[in-house]
> 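Below you'll find the structure I mean.
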There are 2 protein chains.
Amino acid sequence: MKCLSETTVFGGTLSRYEHVAVATRCKMRFAIYQPPQALKGAKCPVVYWLSGLTCNEDNFMQKAGAQRIAAELGVILIAPDTSPRGESVPDVDYYDFGQGAGFYVNATQAPWNTHYRMYDYVAKELPELVQSYFPCNGRQSIMGHSMGGHGALVIGLRNQQQYCSISAFSPISNPMDCPWGIKAFTGYLGEDPADWCEYDAAYLLGQNGSELPILIDQGLADEFLEEQLKPENLWHVAEEKAVPLQYHGHESYDHSYYFIATFIEKHLLFHARHFGD
Amino acid sequence: MKCLSETTVFGGTLSRYEHVAVATRCKMRFAIYQPPQALKGAKCPVVYWLSGLTCNEDNFMQKAGAQRIAAELGVILIAPDTSPRGESVPDVDYYDFGQGAGFYVNATQAPWNTHYRMYDYVAKELPELVQSYFPCNGRQSIMGHSMGGHGALVIGLRNQQQYCSISAFSPISNPMDCPWGIKAFTGYLGEDPADWCEYDAAYLLGQNGSELPILIDQGLADEFLEEQLKPENLWHVAEEKAVPLQYHGHESYDHSYYFIATFIEKHLLFHARHFGD
């Protein structure tokens with residue numbers, strides 16, 4: 001594992017690492033913020049952040065203002081890239097498919113199935129790597145934005161023993177039922193919607209419910225709300241299944257990192273409460 | 001004046017505007033954050049932020065996390081671009097001269113003297129525009145980073161009646177005595193160093209002192225500290241002149257926006273204290 005950069009922020013250390021991943025068969029990058037407590041020898045809980053379309057490991061760390069709160073709470077933050085990358089990794093000229101748009105699935109369709117295995121990378125390989133290299137206390141939770149909100153919900157719901165809580169900003173809540181999701185799932189998983197279900201948060205919640213507390217915040221001036229995000233498809237199911245899901249809509253906020261920055265403290269406090277002792 | 005974008009952040013509104021500037025004879029852009037208090041009809045004090053090399057009106061608003069504190073304090077934030085821009089504006093292929101590197105001077109040398117008049121733009125034209133369009137209470141202060149720290153110091157020191165306080169992160173403190181400054185001043189102002197003095201904070205402080213309180217924070221792992229920034233040239237003069245200048249060096253912090261994000265709350269509280277009632 002190679003350290004690409006290291007910067008002091010709010011008394012902790014923000015680092016970017018590169019490593020060869022087994023799951024995606026290519027070099028992967030992630031950013032990690034270790035709070036002051038971790039640098040002084042404490043073992044800390046970990047919050048994973050999954051970014052949205054076009055992002056890489058930097059966006060969240062640069063724009064969300066999360067380090068301030070992580071430093072107060074003594075929480076490690078991890079932000080992986082959103083897809084495999086590199087010249088040998090297949091790509092297309094879309095912002096919503098290919099590099100920068102891995103959708104946190106294990107692709108089954110050629111040529112994507114060789115590298116696009118972000119589900120395995122984020123749910124398994126990365127947490128094992130993080131646990132073995134950094135001072136983690138074994139408690140972890142997962143959150144994300146938009147495509148990354150979808151990823152956090154799916155990975156959290158399918159691995160409930162692994163996380164203490166799940167949260168999302170403006171998630172793609174029912175990807176089988178929106179243009180971004182249908183395009184991505186058709187390309188990565190094939191034409192049969194039966195093969196998409198295990199990557200659809202609304203479907204998974206309807207099948208299995210959730211023991212984990214879930215927090216979702218959504219800007220009501222978000223241009224993607226009605227066509228792509230459809231949070232109502234998720235909270236209708238959550239109500240039926242009596243899932244501990246809190247959903248909050250916010251007048252006049254849009255889909256940007258400014259919305260995330262405004263409410264990131266609330267999300268990190270939510271996760272910290274559920275880490276327990 | 002044309003509004004290019006408008007986003008809700010921490011209950012306030014972040015907007016980007018474009019207007020034709022008299023000083024620079026081209027379209028200029030600036031970003032303004034109006035806190036919730038301003039949207040509810042209160043008149044608020046204004047803090048001007050001047051960015052460093054390669055930046056435009058966006059960097060500070062995206063990366064410094066300043067809106068959270070501005071919203072608490074009821075302060076308007078303004079971030080202008082760092083130079084004139086556009087196809088008709090002369091430029092060169094350097095990151096430290098030309099577009100993105102106006103150095104907050106009024107250029108006297110052709111071809112720069114037609115558009116590169118950032119001193120007049122920031123010290124005079126922009127504040128007049130802001131005062132007439134937005135709910136300002138007449139109290140203002142000025143701050144910046146690196147080249148923008150130089151700009152804030154020079155504009156603040158030369159217009160002490162106009163501002164309540166000055167602050168800077170990692171400023172170019174004595175540009176007549178560093179490579180960035182010598183290159184910029186030679187290009188914009190000509191070969192004679194006598195013509196550079198009025199744009200050199202260390203010189204100005206030595207000549208006239210300062211009635212205004214000044215706050216400077218500097219990362220001690222800043223790669224530009226010794227060759228380009230030279231804060232000691234400023235605080236030696238400040239000590240001689242008994243200027244109310246606070247200088248703080250911070251172990252392990254670098255030149256990035258992560259350093260700014262860590263200490264922006266301290267700077268905005270400093271300015272708020274000096275706005276008085």
Side-chain angles (χ1 to χ4, degrees), chain A residues 4-16 31-36 39-40 55 58-72 77 79 169-170 217-223 225 248-268, chain B residues 4-16 31-36 39-40 55 58-72 77 79 169-170 217-223 225 248-268:
Chain A
L4 302 174
S5 67
E6 205 171 270
T7 311
T8 299
V9 197
F10 285 96
T13 302
L14 172 65
S15 316
R16 290 163 59 250
I32 174 169
Y33 177 67
Q34 296 182 76
L39 305 182
K40 287 175 194 148
C55 290
D58 290 330
N59 305 65
F60 173 72
M61 295 296 185
Q62 292 178 343
K63 296 183 172 178
Q67 294 91 351
R68 180 181 63 86
I69 310 136
E72 282 179 23
L77 303 173
F169 293 86
S170 332
D217 281 278
Q218 173 65 55
L220 298 180
D222 185 326
E223 63 187 297
L225 177 54
H248 303 282
H250 301 275
E251 291 287 344
S252 83
Y253 283 90
D254 66 16
H255 199 66
S256 72
Y257 263 91
Y258 291 112
F259 172 57
I260 298 168
T262 304
F263 294 101
I264 189 70
E265 180 166 358
K266 172 186 172 184
H267 281 239
L268 288 174
Chain B
L4 303 174
S5 67
E6 205 171 89
T7 310
T8 300
V9 198
F10 284 97
T13 302
L14 172 65
S15 316
R16 291 163 59 249
I32 174 170
Y33 177 67
Q34 296 183 76
L39 305 183
K40 287 173 194 147
C55 289
D58 291 330
N59 306 65
F60 173 72
M61 295 295 185
Q62 290 178 343
K63 295 183 173 178
Q67 295 91 351
R68 180 181 62 86
I69 310 135
E72 281 179 25
L77 302 172
F169 293 85
S170 332
D217 281 277
Q218 174 64 54
L220 298 180
D222 186 324
E223 64 186 299
L225 177 54
H248 304 283
H250 301 276
E251 292 286 344
S252 83
Y253 283 90
D254 67 16
H255 199 66
S256 71
Y257 264 91
Y258 292 112
F259 172 57
I260 298 168
T262 304
F263 295 100
I264 190 70
E265 179 166 358
K266 173 187 173 183
H267 280 239
L268 288 174

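Just so we're clear, the structure is a prediction, and the values are computed from it rather than from any experiment. A, B, ... follow the sequence lines: proteins, then strands. Residue 1 opens every chain.
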> Measure distances from B:F10 to the heavy atoms of chain A and classify the residue's part below 4.5 Å as side chain, backbone, both or neither.
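Answer is both: backbone and side chain atoms of B:F10 are under 4.5 Å from chain A.
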> Looking at B:E6, B:M61, B:E251, B:Q67, which makes the most heavy-atom pairs under 4.5 Å with chain A?
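The residue among B:E6, B:M61, B:E251, B:Q67 with the greatest pair count is B:M61.
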> Any donor-acceptor pair under 3.5 Å linking the side chain of A:S5 with the backbone of A:S15?
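Not confirmed, A:S5 side chain does not pair with A:S15 backbone.
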> Between A:Y253 and A:F263, what is the ring plane arrangement, given parallel below 30°, perpendicular above 60°, and tilted in between?
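Judged by the thresholds at 30° and 60°, the geometry between A:Y253 and A:F263 is perpendicular.
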> Which answer fits B:S256, side chain, backbone, both or neither, if we ask what part of it has an atom under 4.5 Å from a heavy atom of chain A?
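Only the side chain of B:S256 comes within 4.5 Å of chain A.
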> Between the side chains of A:E265 and A:R68, is the shortest nitrogen-to-carboxylate-oxygen separation below 4.0 Å, so that they form an ion pair?
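Judged by the 4.0 Å cut-off on N to carboxylate O distance, A:R68 and A:E265 do form a salt bridge.
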> Could you tell me if the ring centre of B:F169 sits under 6.0 Å from that of B:H255?
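B:F169 vs B:H255: aromatic centres not under 6.0 Å.
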